[in-house]
Amino acid sequence: MNNSAVLQLARRLRRGGGPADRRTWWLSAATVALAVTVALLTLGVNLALADRGDRTAWLRPAAASNPVATQVTSTTYLDEKPVTVIRLASDRPRAALPAPPGMNAFPRAGTTWVSPALADRLADLPAKVQPFGKVSGRIGTEGLTGPDQLVAVVGTTTGDPTLHGAGWSLVSYPGDFSPPTPIAGFAGTPAGGDSTIAQYVALGKVATVLLLVPVLTLVGAAARLGAGRRAQRLATLRLAGASRRQLAGLTVLEADAPALVGGLAGIVASWSTLPLLAQVPVDGSRLAVGQLWPGITGTVLVLLGALVFTAASALLPLSRILRNPLAITAEHTARFPIWWRILAAVAAFGAFFVVTRDKGADLAAVIVVFAVVFAVFGAIGPVVLRLWGAWQVHHGHRTGNAGAMIAGRRLQADPRSGWRAISGLVLACFVAGFLALFAPAGNQVVYGVADRLDIAVTQSQTAPALTTARAALRDAGVEPRVSAGDGSGATIFASTGEGETRSVMVQLPHDPAAQQRARAAIQRAFPATPMATGADVTARDAVYGKDFRRSSLVVLGLSFLMAAASTGIVAAAAVLDRRRTYRRLWQAGVPLRVLDRARVAESVGPAVLCAALGMAAGAFVALPITKGEGALAGGGLLQLAATAAAGVAGLCVALRGSRGLLHKTASA
Amino acid sequence: MNSTNTVLIAHGIGHAYGGQPVLHGVDCVIPEAASVALMGPSGSGKTTLLHILAGILRPDAGTVTFHPRGRRRGAVDVSQLGSEARAALRRSDFGLVFQSGQLLGELTAVENIALPLLLSGVSYAEASRRAHDLLEPLGLPGLGDRRPGELSGGQQQRVAIARAVVTRPDVLLADEPTGALDRRTGHEVMDLLHRTRRELGSSLVLVTHDPEMAARCDVVLRLTDGRITDVHAGAMA
Ligand SMILES: Nc1ncnc2c1ncn2[C@@H]1O[C@H](COP(=O)(O)OP(=O)(O)O)[C@@H](O)[C@H]1O
Ligand SMILES: [Mg+2]
C-alpha cells in the first residue's frame with residue numbers, strides 16, 4: 001500500500017460507511033466548527049484589545065532625547081463619559097513636524113481636532129459652552145481606538161502654562177494622563193504606568209486561558225468520535241500487515257477531513273459573528289470589526305492548530321493498536337496506575353502554593369496556576385471516577401440495581417473515558433468557582449458628591465485657582481459656589497509628585513443648561529487639570545465592573561456551552577462505539593431504559609461530585625490571587641449557583657440528546 | 001418428538017426490508033422440549049425468521065403465537081405485542097444466543113450471566129448464586145470473575161449460553177452460536193447447548209449452515225429464498 005493507496009482506502013472507507021458513520025463525520029465537523037469559532041473570536045478580542053493598547057500608547061509618551069514638540073494629556077468628562085484631551089505645541093515650522101495619528105498635520109496653535117463621536121456630542125452644544133473651543137477638524141479612524149472614543153487634540157503655543165511645570169503624573173481614577181513631555185513624534189514607546197486598557201488586555205488573556213482548555217477538550221472530543229470504530233478498522237488493517245506510516249496516514253486523513261470542513265465553517269461563523277461582537281462596548285466604546293478580525297495569518301494558524309490537535313488526538317490511541325492489534329478487538333481492560341497520579345496531584349498543589357505565595361494578580365502566575373490545575377484535574381479525575389465506580393458496583397450488588405452495576409463496572413474498567421465525558425463540565429465549574437471569587441462585588445461604589453466638581457490643585461495653586469474658578473463661573477453667568485478642600489473626601493486623588501495636593505470644589509447648579517455652562521467654563525479655565533464630579537467617577541467605575549461581569553458571564557456561558565457539547569459528543573461516541581453490544585443486549589430483552597439509566601449513572605453522579613470539587617478548587621485557586629479581596633457575596637454566589645444548575649442541566653440535555661441515538665442504534 | 005404440545009407457532013409470516021421481500025408466507029411449528037434447526041443458504045432469511053420468532057422484529061404479515069410451557073399462562077400473539085412486552089418476553093421466557101458481541105465487556109462473567117435475573121428483580125445475592133451454579137456444568141469453573149476480554153471465544157459463548165438459560169426459558173433461540181468458533185470448540189459448545197436444553201426441558205431454535213450441527217436436532221427446516229422448502233427429522237436425533 002503506497003500513499004495514494006492510503007488515500008483511496010480512506011475515501012472508500014468513508015463512502016462505505018453506514019448512516020452512523022456519516023452522523024459521526026458531521027458531528028465531528030460541527031464540533032470543530034464551534035471550537036474554531038470560539039478560538040477565532042477569542043483571538044480577535046485579544047488582538048483588538050492589544051491594538052487598542054497600541055493606539056493609546058501615544059497618549060502617555062516617554063520623554064524624547066531629541067524633542068520637536070511638547071505634549072500634555074489629561075482626561076475630563078462630558079455627560080459622565082471620559083474625554084481624552086491632548087495638548088500639543090511646538091516652535092518649529094509645522095511642515096517639519098510629525099502629524100498625530102488620524103490627522104494630516106501637526107495642529108496649528110488655537111485649533112481643536114476631535115474624534116467623530118466627540119464631534120457629534122459637541123455639535124449639540126452652543127458655541128458659548130464648547131469646552132474645547134472651536135472645532136477645526138476631525139480625527140480619522142487611524143488615530144482612534146474605536147468608533148465611540150472621545151478625544152480632542154488641541155494645538156496651543158509653547159508659552160501655554162499647561163505645558164510647563166511638573167504636571168499631573170498620578171491620578172487615581174481611570175483615564176489617561178501624562179505630564180508635559182518633550183516628544184519627537186507619536187510612535188514612541190509609552191511611558192510607564194497603566195492605562196485603563198491594560199486592565200482589559202490582562203482580562204482578555206485570563207479569559208483566553210480559561211477558554212483554551214474547553215476549546216481543546218472539544219476538539220479532542222471530536223477527534224475521539226468514532227475512535228472506537230476506527231480502532232477496530234485499524235487493528236484489522238494492522239493484522240493484515242499495514243505499516244505504521246500507512247495507518248498514521250489513514251488516521252490523519254480520516255480525522256482531519258471533518259476537522260477541515262468544520263474549521264472552514266467555523267471561520268465563516270466567526271466572520272459573521274464579528275459585526276455582532278463589534279456592537280459590544282468595551283471600556284465604554286465599541287471595538288471595530290477590522291480590529292476584531294484576526295487576519296489571514298491568525299485565521300490560518302487557528303485552522304492549522306485545530307487540524308494538528310485533531311490529528312494528534314486521533315493518533316494517540318494508535319500506538320496501542322500498533323503494539324497489540326489483538327488487544328483492541330478483544331476489548332481488554334486497560335492498566336491504570338493510580339499512585340503516580342495522586343503523587344503528581346500532591347506535588348502540583350505544593351507547587352501552586354510556592355508559585356502563588358508572593359505573587360498577586362500576576363498574569364504569568366494565573367497561567368501557571370491554570371496549567372497546573374488542569375493537569376491535576378486530568379490526573380486525579382479518573383482516580384475519583386474509579387473509586388466512584390467501585391462504590392457503584394457495590395451499591396448495584398447490594399440493591400440488585402443492574403444499571404448501577406453496569407455503570408460502576410464501566411467506570412472501573414475505563415475511568416479515562418468516563419473522565420473525558422465530564423471533564424469539560426468540571427473545568428467549566430472550576431472557571432465558575434474561580435470567577436465567583438474574582439468578580440467585583442455586585443454593589444456599586446459611589447464616589448464623592450454627585451454634582452460637585454472637584455479640581456485637583458497643588459497647595460500653592462489653591463488661592464489663584466479659587467479666583468480663576470469664580471471669575472470663569474461669573475463669566476458664564478453662574479453663581480460661583482466654590483470652596484477649597486484639603487484634598488480629603490475629594491472625588492479624585494491626583495498628585496504632581498511635588499508637595500501636597502488640595503482640591504477646589506465647585507458646587508454645580510441644578511439647572512442643566514447652567515450646569516453645562518459652568519462645566520465648559522471650568523474646563524476652559526483649567527484645560528489640563530484632573531477634574532470630575534462624583535457622578536462622573538461613579539459612572540466610570542461602574543463601566544469596568546459591568547464589563548467584568550459581562551465578560552465573565554460570556555466566558556462562563558461559552559465554557560458551559562462547549563462543556564455541554566463535549567459531553568454530548570462523548571456520550572454519542574460512547575453509544576456509537578458500543579452499538580453492537582447495545583443491540584445484542586436489547587435483542588436479548590434488556591430494556592433500553594436500563595442501558596440508558598446505566599449511562600446516566602455513569603456520568604451524572606460523578607459529574608455532580610467532580611463539578612462540586614471543581615468549583616471548590618476554582619474558589620480556592622482564586623483566593624491567593626485576589627488576596628481575599630473579592631467576595632463571594634450576593635452576586636458571585638448567585639452566579640455560582642446558576643452556573644452549577646446550568647451545567648447539570650446541560651449534561652442532562654446532552655445525555656437525553658444521545659438517548660434517541662441509543663434507541664435508534666440498538667433497536668433499528 | 002412425542003409431545004403434541006407446541007411452544008411457538010408461526011403462521012403465514014411475510015417480511016420485507018424496504019420493499020424487498022425476504023420471507024413469503026412462512027409456516028412453522030416449534031414443539032415443546034424439541035430442537036429445531038433452521039438451515040439454508042446465506043441470505044435466505046434465517047436470521048430474519050429467528051428475529052421474528054423471538055419478537056425482535058415484527059413481521060409484515062402473519063402471526064407468531066407463543067404457548068407458555070405447561071400452559072401456565074394463556075397463549076399470546078407475539079407479533080401483536082408492544083416493544084416493551086416483547087422485550088419482557090425475551091428477557092423471561094426466551095433465551096437468545098448470538099454469534100458474538102452479546103456480553104458487556106466491563107462486567108465479569110458472573111455479572112453477565114446474572115444480568116437477566118437482576119432485570120427481573122431478583123436480588124444480586126440470589127442472581128449471582130444461580131449464575132455461579134451454572135459455571136461448573138457449562139465448563140467455566142473458576143472463571144466467574146473474568147471479564148469477557150479475558151476469556152477465549154469458546155468460553156465467551158459458554159457465558160452467553162449460561163446467560164440465556166439462567167432464567168430457565170421455554171425457548172432458546174440461537175443464531176449461528178458456534179459460527180465464530182473452530183470446529184472442535186464449536187461442537188463442544190453445541191454439546192453443552194443440547195445438554196442444558198434437555199435438562200431444562202426447553203425448546204431450541206438453532207440457525208446454522210452446518211449440516212452436522214443441524215442433524216443433531218429433532219427437526220430440520222430448510223429455508224430457500226424466504227420459503228420453507230423442506231422439513232425432515234434430524235438424522236442423529
Ligand atoms: N436490516 C436489513 N435491511 C435490509 N435488508 C436486510 C436487513 N437484514 C437482512 N436483510 C436482507 O434480507 C435477506 C435475508 O437476510 P437474513 O435473514 O440475515 O439471512 P440469513 O440469516 O439467512 O443469511 C438478505 O438478502 C439480507 O441482505
Ligand atoms: Mg444470518
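Here is the naming used below: chain letters follow the sequence lines, and residue numbers restart at 1 for every chain.
- Heavy atoms from other residues, nucleotides or ligands lying under 6.0 Å from CZ of R73(B) number more than 12.
- Partner of E106(B) under the side-chain contact (heavy atoms from CB on, under 4.5 Å) criterion, out of E602(A), R410(A), Q412(A): R410(A) alone.
- Neither the backbone nor the side chain of E126(B) comes within contact range of chain A, judged by heavy atoms closer than 4.5 Å.
- Annotation: the span from L118(B) atom CG to H397(A) atom NE2 amounts to 7.5 Å, rounded to 0.5 Å.
- Annotation: maximal heavy-atom pairing with chain A below 4.5 Å, among G101(B), A127(B), A87(B), G153(B), occurs at G101(B).
- Residues G589(A) and R91(B) share a closest heavy-atom pair of O-NH1, 2.9 Å.
- Within the 4.5 angstrom heavy-atom criterion, only side-chain atoms of R163(B), from C-beta onward, approach chain A.
- With chain A as partner, the option from L117(B), I56(B), L57(B), L96(B) having the largest number of non-hydrogen pairs under 4.5 angstrom is I56(B).
- Distance CD/Q587(A) to NE2/H51(B): 4.5 Å, rounded to 0.5 Å.
- With values rounded to the nearest 0.5 angstrom, R90(B) atom CZ is found 11.0 Å from L585(A) atom CG.
- At least one donor-acceptor pair closer than 3.5 Å links the side chain of R584(A) to the backbone N or O of S100(B).
- Screening L104(B), N112(B), T108(B) against R409(A) for a side-chain contact (heavy atoms from CB on, under 4.5 Å) leaves a single residue, T108(B).
- In this structure, the portions of V590(A) lying under 4.5 Å from any heavy atom of chain B include both its backbone and its side chain.
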